[in-house]
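Step one of this worksheet: look at the structure below.
Values below: all heavy atoms of this structure, side chains included; hydrogens, waters and symmetry mates excluded.
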Amino acid sequence: QVQLAESGGGLVQAGGSLRLSCVVSEQFPSNGAMAWFRQAPGEEREFVAGITRIDNHTPYANSVKGRFTISRDNAKNTLFLQMNNLKPEDTAVYFCAHSRFTSPYIETRFYDYWGQGTQVTVSS
């Protein structure tokens with residue numbers, strides 16, 4: 001059973017930075033894409049950023065483009081999300097996810113494995 005575990009969340013002031021990590025319990029189970037999603041209270045889970053395994057294609061949600069950077073270390077089975085210039089509207093639980101598809105789709109239904117989430121809170 002593949003397990004994903006996020007870490008790195010916390011409380012930060014607006015304008016600050018955080019780096020999230022997601023460790024996969026075993027070798028990435030396929031050449032599938034990975035992604036970060038987030039979910040604020042009362043909201044739907046939304047796509048933040050994705051990354052392919054082979055060519056590191058990295059689509060971003062418009063709301064985070066230019067501020068967040070997704071990356072992966074295949075040798076260490078780890079996914080990262082560097083978040084800079086954080087805003088209060090970035091406050092949410094952040095989840096990493098692995099897909100059996102090679103493209104990082106924005107819909108949650110394309111992802112098979114999920115972490116438990118890590119809380120990010122940005123104060124104004």
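- Of all non-hydrogen atoms in Gln119 and Thr121, the two that sit nearest each other are NE2-OG1, 3.3 Å.
- With hydrogens and angles disregarded, a donor-acceptor distance shorter than 3.5 Å links the side chain of Glu6 to the backbone of Gln116.
- Of all heavy-atom pairs between Ala92 and Ala40, the closest is CB-N, 3.8 Å.
- Ring pair His98/Tyr113 is tilted by interplanar angle, where 30° to 60° counts as tilted.
- With contacts defined as side-chain heavy-atom distances shorter than 4.5 Å, the pair Asn31/Ile54 qualifies.
- Between Val93 and Phe95 there is a side-chain heavy-atom pair separated by less than 4.5 Å.
- Contact check for Trp36 versus Leu79: side-chain heavy atoms found under the 4.5 Å cut-off.
- Heavy atoms only, all atoms of each residue included: Phe37 and Ile106 are closest at CE2-O, 3.3 Å.
- The nearest pair of heavy atoms linking Thr91 to Val122 is OG1-N, 2.9 Å.
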May I have the list of side-chain donor-acceptor pairs in residues 43-51 shorter than 3.5 Å, sequence neighbours left out?
| from | atom 1 | to | atom 2 | distance (Å) |
| --- | --- | --- | --- | --- |
| Arg45 | NE | Gln39 | OE1 | 3.2 |
| Arg45 | NH2 | Gln39 | OE1 | 3.3 |
| Glu46 | OE2 | Arg38 | NE | 2.7 |
| Glu46 | OE2 | Arg38 | NH2 | 3.3 |

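- A donor-acceptor pair is defined here as one N or O able to donate and one able to accept, closer than 3.5 Å; no such pair exists between the side chain of Tyr60 and the backbone of Arg67.
- You'll find the side chain of Met83 reaches within 4.5 Å of the side chain of Val120, heavy atoms only.
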**Study point:** Chi angles and distances behind the side-chain contact (heavy atoms from CB on, under 4.5 Å) call for Asn56, Arg72
**Key:** CA-CA 8 Å; Asn56 285 335; Arg72 64 192 293 174; 4.1 Å; yes
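- Listed by first then second residue, pairs satisfying disulfide (SG to SG under 2.5 Å) with a partner in residues 32-63 number zero, not counting sequence neighbours.
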Got a list of side-chain donor-acceptor pairs under 3.5 Å for residues 7-22, not counting sequence neighbours?
| from | atom 1 | to | atom 2 | distance (Å) |
| --- | --- | --- | --- | --- |
| Ser17 | OG | Asn84 | OD1 | 3.0 |

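- Residue Thr58 holds its OG1 atom at 14.5 Å from CE of Met34, rounded to the nearest 0.5 Å.
- Rounding to the nearest 0.5 angstrom, the gap separating the OG1 atom in Thr108 from the CH2 atom in Trp114 is 5.5 Å.
- Not one N or O on the side chain of Tyr105 forms a donor-acceptor pair closer than 3.5 Å with the backbone of Tyr111.
- Side-chain contact check for Ser103 versus Thr52: every heavy-atom pair is 4.5 Å or farther apart.
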